[in-house]
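Below is one structure, written out as structure tokens; the observations come after it.
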Amino acid sequence: MAGIKDVAKMAGVGVGTVSRMLNDSGYVSLDTRAKIEAAIKELNYTPNELARNLYHKKSGIIAVLVPTVEIPFFAELVHNIEAELYNEGFKIMLCNTDKAHNAELEYLDMLNRHIVDGVITGVHSLDVEEYKKIKKPIVAFDRYLGEDIPVVAVDHKEGGRLAAGILLKNGCKKVVHFRGATAVESPYHERHFEFARIMKEQGVECFDYELAWNKFDLEYYKYAVKDLFDRLDEWEFDGIFGTDLVAIECMNEVIRRHKKVPKDVKCVAYDGTYITQIVEPSVTAIVQPIKELAKEAARLICELVNGKTYKNEKVTLGVSVRKGRTTMK
């Protein structure tokens, strides 16, 4: 395999001249460029992309941090981010952080060491102060990490309002409400606050079940649903609201206990990923626009990598309702 020295020898120039042309780091005459290009073609030489990126202190790689792609929301998000960044000339490094308690910090260290050019994070396990120490391109999903780090989120308050409205319209009087861990500050809490506020205002009994912090696997959701039913005992609820997987698991348990959906219990999921459409019955869902979220995150990280700065930037997208067969109205 030909190297840069072989190219220089065939072109009759020094290695430094070939390097300057490949890295666009200094003047090289048109005549010399033509000789180098001819030598590259003749020798079928492939430049060392890693070395060139390191020279420019860029890797062409964006790290995407998510808890786990076992969760459909994160799987769809990563898929769309990868497509958007590919169109901008970047590749992604997928980082599942649930495998180790310090994984998030290790991936951020890669940003400091120029192994990646930027980070898009959807993880909530690391203290905000760790992010504030890093003056490099970072975009966050659903979490405020500092005034220099843009946030991409949806209008969760509207999502909570829509979910409450659907269950109220369906006549629900006792509702189970799965909510995210309050240990982390995040815009997603707005949907829980709004949902609970409306239910209380309308005189609906609401059993709030707080899910554990940084637990996202299906086995945990099965445990949470079992724990819920153990706690409720004979408390007869007629409505469910939670993210896709936990809402579906709760609905399945209702059916296993010989109740009918939606006749006896109505169900509204939050996220609206593909799984809400492939189960039976299909689930009424508050849909997050995942493709648009990915597009905004990719746009922001590319702008940051190219030198643009932001102060307290937050992009908020709307949610929508997709009616399934777990509600009657």
Side-chain angles (χ1 to χ4, degrees), residues 46 49-50 52-53 56 58-99 103-104 106-108 110-111 114-124 131 136-143 145 149-156 159 186-188 216-218 243-245 269-278 283 285-308 310 313-322:
T46 302
E49 186 177 352
L50 177 59
R52 187 166 57 193
N53 285 336
H56 290 289
K58 286 189 177 181
S59 66
I61 299 171
I62 302 296
V64 181
L65 278 60
V66 295
T68 172
V69 289
E70 289 183 12
I71 299 300
F73 175 83
F74 292 121
E76 288 189 28
L77 185 65
V78 169
H79 172 79
N80 283 281
I81 288 174
E82 183 176 26
E84 293 292 336
L85 288 175
Y86 182 83
N87 291 335
E88 298 297 327
F90 289 96
K91 296 178 176 64
I92 73 163
M93 178 187 291
L94 173 59
C95 311
N96 287 274
T97 62
D98 66 341
K99 59 184 172 292
E104 190 175 356
E106 289 178 358
Y107 289 127
L108 288 177
M110 289 183 178
L111 181 59
H114 304 292
I115 295 173
V116 297
D117 297 335
V119 166
I120 297 174
T121 179
V123 182
H124 296 169
Y131 279 95
K136 298 289 179 66
I138 301 174
V139 172
F141 275 105
D142 268 345
R143 193 181 182 195
L145 296 173
I149 299 176
V151 181
V152 180
V154 300
D155 187 346
H156 290 292
S186 170
Y188 70 67
F216 295 97
D217 59 280
L218 182 57
T243 53
D244 291 355
L245 274 178
Y270 197 90
D271 287 342
T273 58
Y274 71 93
I275 63 168
T276 60
Q277 296 177 285
I278 63 173
V283 187
I286 309 301
V287 181
Q288 294 201 58
I290 297 176
K291 187 173 183 179
E292 288 73 19
L293 287 168
K295 186 173 184 177
E296 287 300 314
R299 174 184 66 81
L300 287 166
I301 199 66
C302 288
E303 290 176 352
L304 290 172
V305 169
N306 290 323
K308 188 169 182 177
Y310 285 99
E313 177 73 8
K314 181 181 179 184
V315 177
T316 304
L317 303 179
V319 294
S320 60
V321 174
R322 185 176 60 235

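The structure displayed is predicted, hence computed values, not measured ones. Just the heavy atoms: all of them, side chains too, but no hydrogens, waters or symmetry mates, feed the values below.
- To the nearest 0.5 Å, atoms CD (Gln288) and CD (Glu76) are separated by 10.5 Å.
- With sequence neighbours left out, the side-chain hydrogen bond (donor to acceptor under 3.5 Å, both in side chains) criterion links Thr243 to no other residue.
- Applying the salt bridge (Lys or Arg N to Asp or Glu O under 4.0 Å) criterion to Glu296, with sequence neighbours excluded, gives Arg299.
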*Run the side chain to side chain contact (heavy atoms under 4.5 Å, CB included) check on Thr121 and Cys95 step by step: do they pass?*
CA-CA 9 Å; Thr121 179; Cys95 311; over 6 Å; no
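- Between the side chain of Asp271 and the backbone N or O of Phe73 there is no donor-acceptor pair closer than 3.5 Å.
- Proximity of Phe90 to Ile301: side-chain heavy atoms (C-beta onward) are nowhere separated by under 4.5 Å.
- Across all their heavy atoms, Arg143 and Val123 have their closest contact at NH1-O, 3.9 Å.
- Inter-residue side-chain proximity for Leu245 and Pro72 is flagged as met; some heavy-atom pair is nearer than 4.5 Å.
- The distance from atom OH of Tyr274 to atom CD1 of Ile290, rounded to the nearest 0.5 Å, is 10.5 Å.
- Here Asn306 contributes atom CG and Glu88 contributes atom CD; the two are 9.0 Å apart, rounded to the nearest 0.5 Å.
- Residues Gly272 and Arg322 come closest through the heavy atom pair O-NH2, 3.0 Å.
- Taken to the nearest 0.5 Å, the CG atom of Leu77 stands 12.5 Å off from the CD1 atom of Ile71.
- Closest approach of Gly122 to Pro67, counting heavy atoms only: O-CD, 3.7 Å.
- Residues Pro289 and Val154 form a side-chain contact, since some pair of their non-hydrogen atoms from C-beta on lies under 4.5 Å apart.
- Of the possible donor and acceptor atoms, none in the side chain of Asp155 sits under 3.5 Å from a partner among the backbone N and O of Gly318.
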_Applying side chain to side chain contact (heavy atoms under 4.5 Å, CB included) to Leu65 and Val119, what does each step give before you reach the verdict?_
CA-CA 7 Å; Leu65 278 60; Val119 166; 3.8 Å; yes
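- Nearest approach of Ala297 to Ile120, heavy atoms of both residues: O-CD1, 4.0 Å.
- Closest approach of Ile138 to Leu304, counting heavy atoms only: O-CD1, 3.4 Å.
- Separating the CG atom in Leu293 from the CD atom in Glu84 is a distance of 11.5 Å, to the nearest 0.5 Å.
- Between Lys314 and Pro187 the shortest side-chain heavy-atom distance falls below 4.5 Å.
- More than 12 non-hydrogen atoms from other residues, nucleotides or ligands lie less than 6.0 angstrom from CD of Gln277.
- Considering all non-hydrogen atoms of both residues, His156 and Tyr270 come closest at ND1-OH, 2.8 Å.
- Considering Asn87, Ile62, Val64, Ile92 in turn, Ile92 is the only one that fulfils the side chain to side chain contact (heavy atoms under 4.5 Å, CB included) rule with Glu82.
- For the pair Val287 and Val321, the minimum side-chain heavy-atom distance is 4.5 Å or more.
- The line from CG of Leu218 to OG1 of Thr68 is 11.0 Å long, rounded to the nearest 0.5 Å.
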